[in-house]
Amino acid sequence: MSFLRWLLRLFYGVLALLCIAIGVYFAVDNPELITPSFIGHAMPEGSVGFWLIGALLVGVLLGFIASLLPFYAERRRARGLERQLHRTEQELYTVRRKVSGD
């Protein structure tokens with residue numbers, strides 16, 4: 001199993017390096033300077049590649065955060081169900097003690 005884990009880490013490492021190399025190539029290949037405007041405010045001047053890669057990273061981060069919301073909602077729901085199960089088990093234990101006459 002450790003060989004597969006090592007192989008998966010190697011694959012992700014190579015994939016990360018490839019993405020970084022493509023990003024650097026993209027930034028170098030698009031050196032034109034622009035000053036984007038966001039909600040009426042001028043942003044600092046930067047290359048086209050820099051702004052596009054930045055926008056991509058912000059989008060990926062927001063997508064990741066949005067994908068975590070259902071996970072945390074289900075986790076909270078599972079904790080509530082576990083508490084309900086615990087209370088029900090306690091009630092069942094109490095009823096069994098009363099029925100057995102202890």
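This structure is a prediction, so every number in the text was calculated from the model and none was measured. One-based numbering along the sequence shown. Computation of the quantities below employed the complete heavy-atom set of this structure, encompassing side-chain atoms and omitting hydrogens, waters and symmetry-equivalent molecules.
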Spacing of [atom1] belonging to [X] relative to [atom2] belonging to [Y], to within rounding of 0.5 Å:
| X | Y | atom1 | atom2 | value |
| --- | --- | --- | --- | --- |
| L85 | Q90 | CG | CD | 10.5 Å |
| L57 | L52 | CG | CG | 11.0 Å |
| S47 | I53 | OG | CD1 | 7.5 Å |
| R97 | L92 | CZ | CG | 12.5 Å |
| L15 | I20 | CG | CD1 | 10.0 Å |
| R96 | E89 | CZ | CD | 9.5 Å |

For R79, I'd like to know if atom CZ has over 12 heavy atoms of other residues, nucleotides or ligands within 6.0 Å. yes
Does [X] share a hydrophobic cluster with [Y], counting links as ILVMFWY side-chain heavy atoms below 4.5 Å and allowing steps through other members?
| X | Y | result |
| --- | --- | --- |
| Y72 | L61 | no |
| F3 | L10 | yes |
| M43 | V48 | yes |
| F71 | F64 | yes |
| V60 | W51 | no |

Looking at side-chain heavy atoms only, is the closest gap between [X] and [Y] below 4.5 Å?
| X | Y | value |
| --- | --- | --- |
| V95 | V99 | yes |
| P31 | F50 | no |
| L62 | V58 | yes |
| E91 | R87 | no |

Salt bridge (Lys or Arg N to Asp or Glu O under 4.0 Å) partners of E74, counting only residues at least two apart: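 For E74, the residues satisfying salt bridge (Lys or Arg N to Asp or Glu O under 4.0 Å) (neighbours in sequence not counted) are R77.
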